[in-house]
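Computed over heavy atoms, backbone and side chain alike; hydrogens, waters and symmetry mates excluded. Numbers for residues simply follow the sequence, beginning at 1. This is a predicted model, so every value here is computed, not measured.
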Amino acid sequence: MNEIWQTARRNKLRTSLTGFAVAWGIFMLIVLLGAGNGLINAQLKQSDRFLSSSMVVFGGETSMAYQGLQEGRWIRLQERDIKTTAAPEFSNHVDEVGAQYRTMATITLGQQYLSSDICGVYPNHTKIDKVEMLHGRFINDIDIREKRKVLVLSNKQAEELLAVGPVAVPQQQTGRLIGRYVNVGSFAFQVVGIYKENENGRADAFSSYTAIKSIYGANTDDAGRIEFTFHGLPTEAANEQFEADYRQRLNANHQAHPDDESAVWLWNRFTQNLQMETGIGIIRTALWIVGLFTLLSGIVGVSNIMLITVKERTHEFGIRKAIGAKPWNILRLIIVESVIITTFFGYIGMVLGVAANEWMDATLGHTKVDAGLFKATMFVDPTVGIDVCIEATLVMVIAGTIAGLIPAYKASRIRPIEALRAD
C-alpha cells in the first residue's frame with residue numbers, strides 16, 4: 001500500500017486524470033438516472049390522481065359540415081347523452097356513469113367567505129378522481145335522488161372558513177365543520193365531508209349533481225361533462241374502436257358527422273397511461289444508453305492511462321524482475337493500483353452524484369408549473385437507489401481492473417533485459 005501511495009505521489013497528474021475519468025463517469029450516470037427518475041416520478045404522480053379505466057367526455061366544436069349544417073357549431077352535452085352512455089349497447093364495457101355540472105359561487109360562513117368552483121357530481125366521482133376523504137362522507141345516491149343541498153369541501157377551504165382572523169385552523173380540526181350550514185350564493189348547503197386537497201390540483205367544492213343542475217341549470221338541457229368507468233378494453237386498439245363507436249353515437253345525437261372527432265372530446269385515461277408508459281420506457285432506455293456511454297468514456301480513460309502507466313514504468317519493472325520479482329508480483333502491483341484508484345475515485349463520484357440528486361430534490365423538486373387547470377411538479381424524488389449507485393461503482397472498478405489487466409499482463413511478461421533498455 002505504501003508503495004502504491006508513493007507511486008501516486010510521484011505521478012500526481014496521471015493519478016488525478018485517472019481519478020477524474022472514473023469519478024466523472026459515475027457522477028454523470030447517477031445524475032442522469034436521478035433526473036430521469038424525477039421526471040418519471042412526476043408523471044406517475046400526476047397520472048395516479050385519476051382512475052386509469054375511466055373516461056371524461058366534453059362537448060366540442062364541429063369541424064365538418066353535415067346534413068346542411070355548417071362546421072363550427074358548438075356542441076353541448078345533454079341529458080340524452082348521459083342516457084346514451086348508460087344504454088345497453090355500451091353495457092359490455094361501461095360500468096358506472098356520472099356527470100359534472102360546474103358553476104362559480106361564493107361560500108360564506110359568518111364573516112368568512114371564499115370564492116370557489118362548485119362541482120355537482122355523482123358518487124362515482126370519488127373513485128374516478130381518487131378523492132381522499134378526511135372527515136365525513138362524499139356525495140351518495142340519496143343525495144342524487146332527493147337533490148340534497150350538501151357540500152364537500154377541501155381541507156384548505158374548511159381551514160379558511162373556520163379561521164379566526166389571521167389564525168388558521170389545524171387540518172385535524174376541520175371536522176368541526178361537518179353538519180354545519182354554509183351559504184352558497186343565496187342558498188343554504190349542509191357540509192357533509194372534508195377531503196384532502198391535492199397539492200397539484202385545483203380545489204373544487206363538491207355537491208350533488210341533481211341539486212346544482214336544478215339550481216343553476218334548470219332552464220337548460222346542458223348536462224355539463226360526462227364521466228364513467230369501464231372495463232374489458234385491455235389494448236389501445238380496443239380503446240380506439242370503442243371511442244370511435246361511442247363518439248359516432250353521440251355525434252348522431254347532435255347531427256354531427258360520424259367521423260367528426262372535434263364535435264365531442266374524449267379524455268381516455270387508459271390510453272393516456274399506455275402512451276405514458278411507452279414514453280417512460282423510451283426515457284429509461286435513453287438514459288441508460290447515455291449513462292453507459294458516459295461510464296464507458298471513463299473506462300476508456302482508465303484504460304489509456306494504465307497503458308501510459310505501464311509504458312512509463314517499463315524500466316522500473318525491468319529492475320524489479322532483475323532483482324528477483326516474479327511476473328505475478330508485477331501483475332499484482334498494477335492490478336491493485338488500478339483497483340484502489342477506481343474504488344476511491346468511484347466512491348467520490350458516487351457521493352457527489354447522490355449529493356447532486358439531493359440538491360435537485362431540494363430545489364427543482366419543489367418547483368411547480370402552472371398548467372392552467374392544475375399545477376404540476378416537474379421533479380418528484382429525483383434520486384437513484386443505493387443499489388444502482390453501488391452497482392455502477394462496481395462496474396467501474398471491475399472495468400478499471402480489466403483495463404489495467406491487459407497492460408499489466410504484457411508488463412509482467414517482458415524480459416528484464418528488454419525492460420532495462422526501454423526509454
Does any donor atom in the side chain of [X] or [Y] lie under 3.5 Å from an acceptor atom in the other side chain?
X: N155; Y: T174; answer: no
X: N273; Y: E277; answer: no
X: N92; Y: H231; answer: no
X: N253; Y: T84; answer: yes
X: Q78; Y: D222; answer: no

Ring centre gap for [X] and [Y] strictly below 6.0 Å:
X: F228; Y: Y122; value: no
X: Y195; Y: F138; value: no
X: W267; Y: F50; value: yes
X: Y246; Y: F90; value: yes

- Run the salt-bridge test on R73 and E61 with the 4.0 Å N-O cut-off and return the result as yes or no.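 Answer for the salt bridge query: no.
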- Task: Show the numbers, then the answer: is there a side-chain hydrogen bond (donor to acceptor under 3.5 Å, both in side chains) between S54 and E227?
- Result: CA-CA 7 Å; S54 66; E227 57 185 4; over 6 Å; no
- Among L177, I107, V192, whose side chain to side chain contact (heavy atoms under 4.5 Å, CB included) with L151 holds?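 The option that passes is I107.
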